[in-house]
There are 2 protein chains.
Amino acid sequence: MSKLWGNSVKKLDASVVRSLPLFAQMPLSDIQDILDLARPRLVPAGQSVFEEGTEASHFHLLLDGHIRVERLTPDGDRVVSFHIPPGQLFGIAKALGRDVYPATAVAALECLVLVWPMTLWTRFSTEYAGFAQEASRTVGARVTEMHTRVLEMATQHVEQRVAAAILRMMQQNGRPTEDGIEIAFPITRKIVSDMTGSTLFTVSRLLSAWEREGVLVSRRKHIHVHNVAALERLAAGQS
Amino acid sequence: MSKLWGNSVKKLDASVVRSLPLFAQMPLSDIQDILDLARPRLVPAGQSVFEEGTEASHFHLLLDGHIRVERLTPDGDRVVSFHIPPGQLFGIAKALGRDVYPATAVAALECLVLVWPMTLWTRFSTEYAGFAQEASRTVGARVTEMHTRVLEMATQHVEQRVAAAILRMMQQNGRPTEDGIEIAFPITRKIVSDMTGSTLFTVSRLLSAWEREGVLVSRRKHIHVHNVAALERLAAGQS
DNA sequence: CGGGGAATTTGCGCATGAGCAAACTTTGGG
DNA sequence: CCCAAAGTTTGCTCATGCGCAAATTCCCCG
């Protein structure tokens, strides 16, 4: 992870992050200005970056690791909203006109995060080319995904939803291997069920069946998709 | 509806809309400038204002009526995302960084809509005080609602979800009467089922049961809630 | 290298709510 | 005023997938 830190431990290097969409339209000097205002934060696996309902005092950029965004129901059930891959903004309550975080962000594995005080949000949005636009795009992508999930939950069977959830994680957070794609962070059956409005047991049965059919292999906390086409067929309900 | 049109049929009057949150922070002259650029559009009940997937050429403000936002699945099922009450912006794809409409907007009853070319979006966002902020707030409110629905669909029974959907419509789009609150636009059992990921039949049975218990009265396309507390209890799953 | 907790598997029973068919009611247009 | 279409009710059946229990496996950590 040290490669992300440039020459000095203290000073973040603009050249490392300029390939991110967020900085694509900015001159290096602007990027450096932004980075100089950031505080880096290392979050251990399993720890939360911020909690639903607390004051949205900061916004964040994920440099490395994976964030899981979740909400808790009044009676203790957990629902996983989505996963965030490196390079994306998160905890951007201001972009939603809110002043508390709408959900909890948990480090699915050890994460390196840049943190800015939310008071800088308006300034960044107006002063830096493309910042507001990229924030909108990020929000839009998440709204689209939520939309899709509502649609799936309303119209599709559990089997299709679980297949779709795994496909999505594979596409957004997958790591290609010689034999398929593996999901790049620890993922339990419980979490998959919390993503699909299902149960641990049903997900376990589905994954076992798919493993028997050679669609994927799942070790503990780990999913490796071998036959993407078959999984797409399952998600579409064509089998 | 003529009251919304000021003295002349052609010129919209700023004083009529300045009570809307969107214009709250603006001087009258700014409001008038914005209105002068708008084209009014009267949409008959049942007709769509724009369709999912088409180029997002305009953004809209609902002056009167009620908009139903829906999506269609590849295999023809309809899912209703939410309803929009008068005074709100909609079709604001740019606020999501998108260039096609993410959903279809249908007039639940005859609607009066103001329409602006999307090319004005960036200008409005940067030039008029509070415009961008109010747009964010609108997006945020809808994201929050989607979030809540995902959570409900994942963790709650159909009965609770239907109760929650009716409560929401009642709160957001209700009209108080001497004996409770009635939902201010035509609403069929089919639509309620499309909102809750349920079926026409199940919704019919639930409404009948609740009518028997005196919680609400539902005539054809029409729901009138009498006992709000009871409905809240049903939504919470406490009965 | 062994203990213990976390994650997973599997069997069994059953309630929820979907699916279908058919009859009935309301409403608006000609 | 009547007809047709749209909306609604109701009975019946049945599959999905949840709930629980118990056993098993896998890792992590000391």
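Here the structure is a predicted model, which is why all the values come from computation and not from measurement. Side chains included, hydrogens not; waters and symmetry mates left out as well; all remaining heavy atoms used.
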Looking at His157(B), is its backbone amide N or carbonyl O close enough to the side chain of Gln160(B) to form a donor-acceptor pair, meaning the two atoms are under 3.5 Å apart?
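Checking the backbone N and O of His157(B) against the side chain of Gln160(B), a donor-acceptor pair under 3.5 Å is found.
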
Residues from residues 211-222 of chain B lying under 4.0 Å of DNA chain D - heavy atoms
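Listed by number, they are Arg220(B), Lys221(B).
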
To the nearest angstrom, how far is [X] atom [atom1] from [N] atom [atom2]?
X         : N       : atom1 : atom2 : result
Phe201(A) : dT10(C) : CZ    : C1'   : 11 Å
Leu207(A) : dT8(C)  : CG    : P     : 9 Å
Leu200(B) : dA21(C) : CG    : P     : 14 Å
Gln156(A) : dG17(C) : CD    : P     : 19 Å
Glu159(B) : dA15(C) : CD    : P     : 16 Å
Leu206(A) : dT10(C) : CG    : P     : 13 Å
Gln160(A) : dA18(C) : CD    : C1'   : 15 Å
Leu109(A) : dC28(D) : CG    : P     : 13 Å

Kindly say if [X] contacts the phosphate of [N], meaning a side-chain N or O under 4.0 Å from OP1 or OP2.
X         : N       : value
Thr202(B) : dA18(C) : yes
Thr188(B) : dG7(D)  : no
Ser198(B) : dG17(C) : no
His157(A) : dG17(D) : yes
Ser204(B) : dT9(D)  : yes
Arg189(B) : dT9(D)  : yes
Ser208(B) : dT10(D) : yes

Residue pair [X] / [Y], side-chain donor-acceptor N/O under 3.5 Å:
X         : Y         : value
Arg98(B)  : Thr144(A) : yes
Asp179(B) : Thr177(B) : no
Ser208(A) : Glu211(A) : no
Glu232(B) : Gln238(B) : no
Arg189(B) : Ser218(B) : yes

Would you please indicate yes or no on a ring centroid separation below 6.0 angstrom for Phe50(A) and His58(A)?
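Centroid separation for His58(A) and Phe50(A): 6.0 Å or greater.
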
Between protein and nucleotides 28-30 of chain C, what N or O pairs are separated by less than 3.5 Å?
none

Does this structure show an ion pair linking Glu52(B) with Arg71(B), if we count only N-O contacts that are shorter than 4.0 Å?
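Answer for the salt bridge query: yes.
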
Going by an N to O cut-off under 4.0 Å, is there a salt bridge joining Glu182(A) and Arg219(A)?
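Salt bridge absent between Glu182(A) and Arg219(A).
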
Quick check: any donor-acceptor pair below 3.5 Å linking the side-chain of Arg205(B) to the base of dG19(C)?
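Per atom types, the contact qualifies.
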
Between atom SG of Cys111(A) and atom CG of Leu42(A), what is the distance when rounded to the nearest 0.5 Å?
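Spacing of SG (Cys111(A)) from CG (Leu42(A)) equals 8.5 Å.
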
